[in-house]
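Everything on this sheet refers to the single structure shown next.
Atoms considered below: every heavy atom in the structure, side chains included; atoms not considered: hydrogens, waters and symmetry mates. Note on naming: letters A, B, ... go to the chains in the order of the sequence lines (proteins, then strands), and numbering restarts at 1 for each one.
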There are 2 protein chains.
Amino acid sequence: MAPPSEAPDVAVTVDLVVLTVREDTLCALAVRRGIPPYRGRWALPGGFVLPDEDLPQAAARELAEETGLEQLTGHLEQLATYGAPRRDPRMRVVTVAYLALAADLPAPRAGGDAAAARWAPVAELLAGGGRLAFDHARILGDGLERARAKLEYTPLATYFCPPAFTVAELRRVYEIVWGVVLDPRNFHRKVTRAEDFLVPTGGRTSRKGGRPAALFRRGGARLLMPPMLRPDPGEPRRPP
Amino acid sequence: MAPPSEAPDVAVTVDLVVLTVREDTLCALAVRRGIPPYRGRWALPGGFVLPDEDLPQAAARELAEETGLEQLTGHLEQLATYGAPRRDPRMRVVTVAYLALAADLPAPRAGGDAAAARWAPVAELLAGGGRLAFDHARILGDGLERARAKLEYTPLATYFCPPAFTVAELRRVYEIVWGVVLDPRNFHRKVTRAEDFLVPTGGRTSRKGGRPAALFRRGGARLLMPPMLRPDPGEPRRPP
DNA sequence: GCAAAAGTGTTCTTCGTACACCCATGG
DNA sequence: CCATGGGTGTACGAAGAACACTTTTGC
């Protein structure tokens with residue numbers, strides 16, 4: 001509500017869960033730490049909030065620094081804030097996590113405290129506890145859960161796709177993020193019927209086999225209505 | 001991601017959107033500021049995060065201090081974090097907002113920097129911009145939106161009710177929070193059929209007129225399935 | 001023509017909506 | 001016995017699941 005007379009010993013950072021789909025796998029941006037603590041371990045990209053910077057600005061700046069991604073493409077939203085007293089052994093650090101979604105991007109570049117940066121499969125980063133530095137496994141898990149949930153009722157999945165995409169590409173996104181298999185016919189009807197969800201560009205794809213698919217771009221709808229229903233997972237996925 | 005060598009000049013607080021339903025009105029807890037800035041204006045309750053305290057702890061402590069509410073009853077979740085550079089004119093303050101829901105409570109007590117505290121109708125606090133101090137109108141608006149959305153697919157509405165309640169009382173909560181009128185018969189079926197949503201206590205109410213209603217308590221379900229659908233608003237509401 | 005992928009139609013069932021109707025109590 | 005609200009049954013339509021079937025391309 002109100003600040004104290006004296007400034008407490010706290011630092012505020014932003015951390016980023018940047019998700020993309022590459023080679024039929026859901027991947028997150030990870031950086032290798034070049035300094036202690038957790039030196040040599042993978043972590044989520046992030047950094048300090050500058051004195052004259054709002055939180056979304058800080059997140060967008062870090063995102064651009066790490067990926068070169070323009071803010072015009074992709075999606076960025078606040079995820080949650082993590083501030084356990086000893087989540088960073090050096091001092092009290094409260095971090096505001098952001099979730100970013102982007103189409104397949106060129107390989108990231110290292111910089112700052114990061115010795116390296118790469119797109120890592122989310123499953124790999126979350127497997128076997130303790131791979132990620134700090135509480136970043138939990139943050140990544142929360143980001144993944146948020147993304148999965150929002151695919152149901154928002155156009156978020158389209159942010160994983162290039163500017164023009166086919167219905168099948170969009171369906172792949174759902175299948176990969178949710179880890180399920182969806183019926184291509186029902187999916188097609190659903191997304192093409194939803195008001196303002198997809199806009200036909202008029203273009204068509206050409207491929208080796210099969211009928212060419214129509215190309216679409218993201219429409220103006222902010223909600224997918226009726227929502228896409230997520231089947232309970234467990235089904236296997238076919239090979240790429 | 002990693003803290004700096006030197007601590008930046010930032011303070012971290014928690015602010016609370018505490019919602020309750022009293023006298024057929026959705027109300028939020030508001031405190032009157034006793035010190036500048038915004039002296040004499042109403043604000044959301046909140047305070048500093050203590051050095052050895054996690055964020056949810058800080059929120060729960062502030063909630064208990066302001067309302068006397070035990071953590072056993074009610075609901076508390078993180079809402080969002082607000083950190084615009086000049087949201088507090090004195091210094092950089094990043095605040096982590098929490099959303100709390102509670103059944104009708106005794107009148108709150110003032111304390112700390114607050115000259116007074118009261119339950120104020122949400123509509124009143126949000127009407128005519130600039131009533132609330134800082135960016136608290138926006139925070140309250142976000143909390144309201146979150147609460148409204150989560151009534152659809154979670155048992156959140158039951159936290160507005162006393163430990164044992166009737167289906168009609170629960171329906172009133174939905175109607176008041178959403179500002180709509182719901183069909184009592186369909187509502188009854190829906191909530192009583194949903195798995196683990198309501199548990200009959202065996203008790204019954206006695207009233208002046210009409211058949212006594214069965215009493216229920218909140219079940220163990222964390223999701224309401226299938227979800228309650230929110231009709232588009234606009235309908236008037238009958239008098240209390 | 002055949003394989004392969006896009007896209008349409010059809011059936012069955014589930015679930016929301018509207019509303020008629022019955023139940024149980026106080027006065 | 002009647003007013004008042006609690007609770008059940010039923011008919012209709014919208015939408016999801018499953019799947020047969022047609023369309024349009026490359027080879």
Can you confirm whether more than 12 heavy atoms, excluding those of B:Arg138, are under 6.0 Å from its CZ atom? no
Just to verify, what does B:Tyr174 make a ring pair (Phe, Tyr, Trp, His ring centres under 6.0 Å) with, not counting sequence neighbours? B:Trp178, B:Phe187
Return yes if a side-chain donor-acceptor contact under 3.5 Å exists between B:Asp15 and B:Tyr82, otherwise no. no
Kindly indicate whether the side chain of B:Thr158, heavy atoms from C-beta on, has any atom under 4.5 Å from the side chain of B:Phe165. yes
Tell me whether A:Arg131 is salt-bridged to A:Glu124, with the criterion being a basic N under 4.0 Å from an acidic carboxylate O. no
Non-neighbouring partners of B:Arg222 that pass side-chain hydrogen bond (donor to acceptor under 3.5 Å, both in side chains), sequence neighbours left out: none
Can you pull out how bent the helix from C:dG1-D:dC27 to C:dG27-D:dC1 is, comparing the axes over its first five and last five pairs, to 10°? 10°
5'-most to 3'-most nt of DNA chain D touching chain B (<4.0 Å, heavy-atom partner on protein side) reads D:dT4 to D:dT10
Rounded to whole Å, how long is the line connecting atom CG of B:Leu182 with atom C1' of C:dC19? 16 Å
Heavy-atom count check: over 12 atoms from other residues, nucleotides or ligands less than 6.0 Å from A:Arg230 CZ? yes
Which pairs pass salt bridge (Lys or Arg N to Asp or Glu O under 4.0 Å) with one or both residues in residues 187-201 of chain B, sequence neighbours excluded? none
Just by protein heavy atoms under 4.0 Å, how would nucleotides 6-14 of chain C read 5' to 3' in B, S and -? BBBBB----
Enclosure of A:Arg61 CZ (heavy-atom neighbours >12, cutoff 6.0 Å): yes
Would you say A:Phe197 and A:Met225 make side-chain contact, with heavy atoms under 4.5 Å? no
